Structures are given as C-alpha cells and as structure tokens.
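So the structure is just underneath, and the comments pick up after that.
Residues take their numbers from the sequence shown, with the count starting at 1. Everything quoted here is computed from the prediction, not taken from an experiment. Counting starts at 1 for both ligands and their atoms, in listed order.
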Amino acid sequence: MESLGFLDVRILDVIDIVLVAVLLYYIYKLVRGSAAINIFIGIVIVYLAWKLTQLLQMEMLSSILGQFIGAGMFALIVVFQQEIRKFLLMVGSTNFGNKRNLLRQLKFMRDDEQEVSTNISAIVKACESMGKTNTGALIVIRRNTQLDFIKSSGDHMNIELNQPIIESVFYKNSTLHDGAMVIEENKITATRVILPVSNDRSIPLRFGLRHRAAVGITEKTDALALVVSEETGQTSYIKNGSFEIFDSYKELGEKINKDLK
Ligand SMILES: Nc1ncnc2c1ncn2[C@@H]1O[C@H](COP(=O)(O)OP(=O)(O)OP(=O)(O)O)[C@@H](O)[C@H]1O
C-alpha cells in the first residue's frame with residue numbers, strides 16, 4: 001500500500017481545503033458582477049496552469065508562470081485595492097464576540113425556536129402603506145455583519161422600531177428620507193445612509209440606484225434589504241445579492257422572520 005502514500009489525508013488537510021474554498025467563495029462574492037470578476041478568473045486560470053506545469057515538471061513554463069504569479073501579487077494589491085478594503089472591512093466588522101450571532105453563523109446549528117426581537121410586522125406594514133402612496137424607501141436589516149462602516153455615512157439614531165416612525169422617515173418632505181435606513185434588533189440605528197452600489201450587470205435596467213444599492217449591501221454583507229419603489233409602489237426583498245420572490249406581504253413577513261432566526 002506504499003504506492004498510495006499520497007492519499008494519506010490528515011484532518012488538517014481537510015480543514016485547509018475547506019478554508020481555501022470558503023476564502024475563494026468570499027472573494028468571488030466580493031467581485032461578482034464587477035469587472036474584477038474577469039481578472040479574478042484570469043488569475044485562477046494562470047495559477048492552475050502554474051500548478052499543473054509544476055506537477056508535470058515542465059521547468060521552463062513553470063518558472064515563467066511562477067515569476068508572473070510572484071510579481072503579479074503586487075499588481076493584484078493595486079488592481080483589487082477597493083475589493084481588498086471591502087473584504088477587510090467585512091471580516092473586521094463581523095461580530096464574533098456575540099455568542100448568539102456566532103450560532104446564527106453556523107446555519108446547521110440554527111435554532112428555529114428562537115424568537116426574533118425585530119418588529120417585522122411594523123416593517124412590512126410600513127412597506128405596504130408606503131407602496132400605496134408611492135413613497136420610495138430603502139431599509140437595511142442587520143444580521144451578523146456589523147454595519148458600522150456604512151452607518152458612518154449617515155445620521156446616527158436610536159429609535160424604537162414602529163410603523164409610523166418608518167413612514168415618517170421616508171415621507172417625501174422629511175429631511176431624513178434620502179438614502180437608507182438601518183435597523184438593528186428592534187431599533188432604527190441610522191438614517192440617510194449611503195450604501196455601496198452593485199455593479200452586477202444582470203440587474204434589469206428598470207431598477208435604478210435605490211435597488212442597486214440594496215443589492216450592493218446584501219452582496220457585501222449578510223444584511224437583508226427592502227426597497228419600496230417610488231415609481232411602481234412595489235416592495236422588493238433582497239438577500240445575498242438577489243431578489244427574493246414573494247406573493248403577499250404576509251409571505252414577505254414570514255420570509256424575513258425565517259431569515260432573521
Ligand atoms: N447608494 C445609495 N445609497 C442609499 N440610497 C441611495 C443610493 N443611491 C440612491 N439612493 C436612494 O434612491 C433614490 C433614487 O433612486 P432611483 O430613482 O435611482 O432608484 P430606483 O431603483 O429607480 O427606485 P424607484 O423605483 O424608487 O425610482 C435616491 O433619492 C436615494 O434616496
């Protein structure tokens with residue numbers, strides 16, 4: 001069985017592979033939809049070619065590709081400066097200190113019995129009511145990722161969540177109506193927040209900046225976003241960078257409740 005020695009896999013090797021997969025997934029999530037995705041795919045191809053030439057002992061080609069990868073690291077930092085910044089912010093602002101959040105992060109350990117402290121009914125009813133009057137709104141609900149880095153672009157608040165407050169913030173003549181509202185637990189913690197806009201080219205053209213900002217924040221963090229369109233009065237629910245389908249406001253409430261557990 002000596003010839004099969006290379007099949008010896010240690011637990012640490014498995015952990016190593018899983019961690020690399022998670023890292024690649026987060027990098028992909030970060031650059032998805034932007035021009036950087038093509039550069040990312042290019043790098044992965046060159047890296048795989050380099051490893052293959054090493055394996056096949058093609059000395060010359062492997063040393064050329066090796067040099068390229070080595071020098072390319074500096075070029076990468078310059079090209080991906082924005083993405084690296086966002087990635088570090090994302091990692092740094094994940095609140096691992098909170099035990100409940102940590103459990104939530106490990107989805108398979110999710111406790112379905114857990115009560116959600118956010119007044120979801122107030123949010124959904126406000127969206128329904130704002131939709132009827134074609135009042136535009138953009139609401140971000142925090143889950144695990146800390147949102148301090150976006151909150152700093154707006155006004156800090158500390159208001160108990162309820163339907164009239166949400167509606168009055170987005171009321172067209174209100175000074176607070178522009179930008180996004182951030183909700184954490186059962187509090188409105190920021191208004192007039194500027195969100196990162198998604199570059200995803202697959203978003204239909206009928207959606208403007210409000211919707212793109214909602215997609216943007218849910219791509220970069222695990223937050224949930226709700227948009228009420230000023231044009232159509234329709235409410236959209238966005239999670240992990242994509243639009244979630246729902247048939248009624250009741251179903252929307254149930255979905256948010258499930259996603260906050
Ligand atoms: N990056 C951003 N962060 C937060 N809010 C934003 C951002 N970009 C736009 N908005 C909000 O969206 C409003 C205008 O959005 P726009 O009309 O382009 O959106 P839309 O997706 O077409 O939505 P609607 O259907 O309501 O018109 C702005 O007045 C502002 O309040």
Per-atom contacts, ligand 1 versus [X] - under 4.0 Å to a heavy atom:
X	answer
Asp178	28 (C), 29 (O), 30 (C), 31 (O)
Val197	1 (N)
Glu230	24 (P), 25 (O), 26 (O)
Gly208	18 (O), 19 (O), 20 (P), 21 (O), 22 (O)
Leu138	4 (C), 5 (N)
Val193	3 (N), 4 (C)
Ala213	1 (N), 2 (C), 3 (N), 7 (C)
His211	20 (P), 21 (O), 23 (O), 25 (O)

Practice problem: Output yes when the distance from some N or O of ligand 1 to some N or O of Ser229 is under 3.5 Å, and no in every other case. | Solution: yes
Quiz prompt | contact_flag Gly136 ligand 1 heavy-atom lt 4.0 Å | solution =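 The answer is no, since Gly136 has no heavy atom less than 4.0 Å from ligand 1.
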Quiz item: Among the heavy atoms of Val227, does any lie under 4.0 Å from an atom of ligand 1?
Solution: no
Would you say that [X] contacts [Y] through its side chain, given a criterion of any heavy-atom pair below 4.5 Å between the two side chains?
X	Y	answer
Val228	Phe170	no
Ser236	Leu226	no
Arg142	Gln146	yes
Ile188	Ile165	yes

Looking at [atom], what's its closest protein heavy atom, distance included?
atom	result
atom 27 (O) of ligand 1	Glu231 OE2, 3.2 Å
atom 16 (P) of ligand 1	Leu209 N, 3.8 Å
atom 1 (N) of ligand 1	Leu195 O, 2.9 Å
atom 10 (N) of ligand 1	Arg210 CA, 4.2 Å
atom 5 (N) of ligand 1	Gly179 CA, 3.3 Å

Quiz item: Could you give the distance from CG (Leu138) to OG1 (Thr191), rounded to the nearest 0.5 Å?
Solution: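 Result: 12.0 Å between the selected atoms.
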Practice problem: Could you check Leu52, Thr53, Leu56 and say which one makes a side chain to side chain contact (heavy atoms under 4.5 Å, CB included) with Ser62? | Solution: Thr53
Quiz item: Taking Arg212 as the fixed residue, which of Val197, Asn199, Leu195 is the one that meets the side chain to side chain contact (heavy atoms under 4.5 Å, CB included) rule?
Solution: Val197
Quiz item: For residues Asp200 and Ser202, is any side-chain donor paired with an opposing acceptor at under 3.5 Å?
Solution: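 A donor-acceptor contact under 3.5 Å links the two side chains.
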Sidechain N-carboxylate O distance under 4.0 Å for [X], [Y]:
X	Y	answer
Glu254	Lys258	no
Asp155	Arg192	yes
Glu231	Arg206	no

Quiz prompt | Protein contact for atom 19 (O) of ligand 1 (heavy atom, distance under 4.0 Å) | solution = yes
